[in-house]
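Worksheet: one structure, shown below.
Every chain is numbered from 1, with letters handed out A, B, ... down the list of sequences.
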There are 2 protein chains.
Amino acid sequence: MHITRAVEYGIIGMLYLAGHDRGKVVMIDEISRKEDIPKSFLGKIFQSLTRAGLVNSNRGAGGGFYMARDSDQINILDIIEAVEGKIALQRCLDAATGCSNSDSCALCLLLHDIQETVKQTLANTTLADLAQKHADMKSHKHPQRPLTESVRLPDIRTE
Amino acid sequence: MHITRAVEYGIIGMLYLAGHDRGKVVMIDEISRKEDIPKSFLGKIFQSLTRAGLVNSNRGAGGGFYMARDSDQINILDIIEAVEGKIALQRCLDAATGCSNSDSCALCLLLHDIQETVKQTLANTTLADLAQKHADMKSHKHPQRPLTESVRLPDIRTE
DNA sequence: CTGAATAGGACGAAAAATGTCCGGTTTAAG
DNA sequence: CTTAAACCGGACATTTTTCGTCCTATTCAG
Ligand code: SF4
Ligand code: SF4
């Protein structure tokens, strides 16, 4: 139960982009140096972000990446799923694998509930939200409020 | 971001125990067969559960495991932490490793919030709750309500 | 043309997850 | 007392996932 480096790097990379003018083209090398992330690894991650349409890229000399939408139109779940595909806390919640017992397994139901709240929270947090908080924190203003609010659980599996 | 097999097996094993009379001594071999879990692996997992005080064990002929407390006095977070230690969604949230930026990283804050709600949900679900739902589901009664309720986020990091 | 930069895929090392095995200890029962 | 059953504990083996690297191709500015 751990967030992967790839996801973390992806979010931090996007935060870096969001901290600059929209449309500003930034090279992998710059993000890599400024955020201390292995360059080739970050390159791979940005390929995924590009394929997912969260950023655009220019190739060739003077090339680099820039945001495809405004940062308040991108949420954190978007980024995570771009980097590592759909979130699945367990086999039964993974469309690809699945589990034959999932219809009669209370644990599966519990994990499903938890997964949905996590996804809701991630989906409700925009990159702009996170970038704003990030900037605040770097300027030594201590945060007073939690970043997220409580999320209503969806009423799942009620036919 | 995945629940490990060890944790899943641990919970299912405890569910099995909870489905029998309190004090009933059950062998690893029985749980292993009935729940289709590799025997030696399950043995290891139950060692952890025993060390954590969730179950007691009798050694020697006629030995086995039995619940150390009533199932409504054990929650799912207890089981998870018994099997794999404290939950940590990231380095910065892991007391052992940590991250030097955690004071000025909005992502850390977001992950912290999420982790807390997950832990709250797990802590609010007792083994008895899960066992009840499990039994219901196995007898073909379709569940009407989600297992968990929404959890208030704690107001973290407000000095 | 040349050098800079991403795209894509193959590859490799390290870590974690998932088990297995075996010798040791405890205990019930004959 | 002996034996067989069962857990204990640690070492070990296998597989999968994570965390990258590297190389070639492609694209583009100057
Ligand atoms: S939690 Fe239940 S349904 Fe999900 S994978 Fe485990 S056994 Fe299957
Ligand atoms: S999220 Fe921020 S604080 Fe947490 S490990 Fe990553 S960089 Fe460090």
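- Here C/dT6 presents its P atom at 17 Å from CG of A/Leu54, a figure rounded to the nearest Å.
- Regarding A/Leu17, its CG atom lies at a distance of 11 Å from the P atom of C/dT6, rounded to whole Å.
- Counting only heavy atoms from C-beta outward, the side chains of B/Tyr16 and B/Ile37 never approach each other to under 4.5 Å.
- Between B/Phe46 atom CZ and D/dG9 atom C1' there is a gap of 17 Å when expressed in whole angstrom units.
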Derivation of the salt bridge (Lys or Arg N to Asp or Glu O under 4.0 Å) call for A/Asp29 and A/Lys39: CA-CA 6 Å; A/Asp29 189 65; A/Lys39 180 174 168 179; 3.4 Å; yes
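- Distance A/Glu8 CD to D/dT18 P: 15 Å, rounded to the nearest Å.
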Write out a two-atom table: protein N or O, nucleotide N or O from nucleotides 15-19 of chain C, distance below 3.5 Å.
unit_1: C/dT18; atom_1: OP2; unit_2: B/Arg5; atom_2: N; d: 2.9
unit_1: C/dG19; atom_1: OP2; unit_2: B/Tyr9; atom_2: OH; d: 3.3

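- We find that CD1 of A/Ile45 is positioned 11 Å from P of D/dT21, with the value rounded to whole Å.
- Counting heavy atoms from C-beta on, the side chains of B/Glu81 and B/Lys119 come closer than 4.5 Å.
- Comparing B/Lys39 and A/Met27 along DNA chain C, the residue whose closest nucleotide (by nearest heavy atom) sits nearer the 5' end is A/Met27.
- In terms of heavy-atom proximity, A/Ala88 sits nearest to A/Leu93 at CB-O, 3.8 Å.
- Between A/Glu35 and A/Tyr9, the side chains place no donor N or O within less than 3.5 Å of an acceptor N or O (distance only, hydrogens not considered).
- Between A/Leu130 and A/Ile11, the closest side-chain pair of non-hydrogen atoms falls below 4.5 Å.
- Using a 4.5 Å cut-off on side-chain heavy atoms (C-beta onward), B/His2 and A/Gln90 make contact.
- If you take CD1 of B/Ile28 and P of C/dT26, they are 19 Å apart, rounded to a whole angstrom.
- Rounded to whole angstrom, the span from the CD1 atom of A/Ile37 across to the C1' atom of D/dT18 amounts to 16 Å.
- A/Asp129 and A/Thr126 form a side-chain donor-acceptor contact under 3.5 Å, judged by distance and modelled atom types alone.
- In this structure, the side chain of B/Asp70 does not engage the main chain of B/Asp72 through any donor-acceptor pair within 3.5 Å.
- Close to D/dC8, at under 4.0 Å from its OP1 or OP2, lies no side-chain N or O of B/Arg51.
- Taken residue by residue, residues 57-67 of chain A places heavy atoms nearer than 4.0 Å to DNA chain D at A/Arg59, A/Gly60, A/Ala61.
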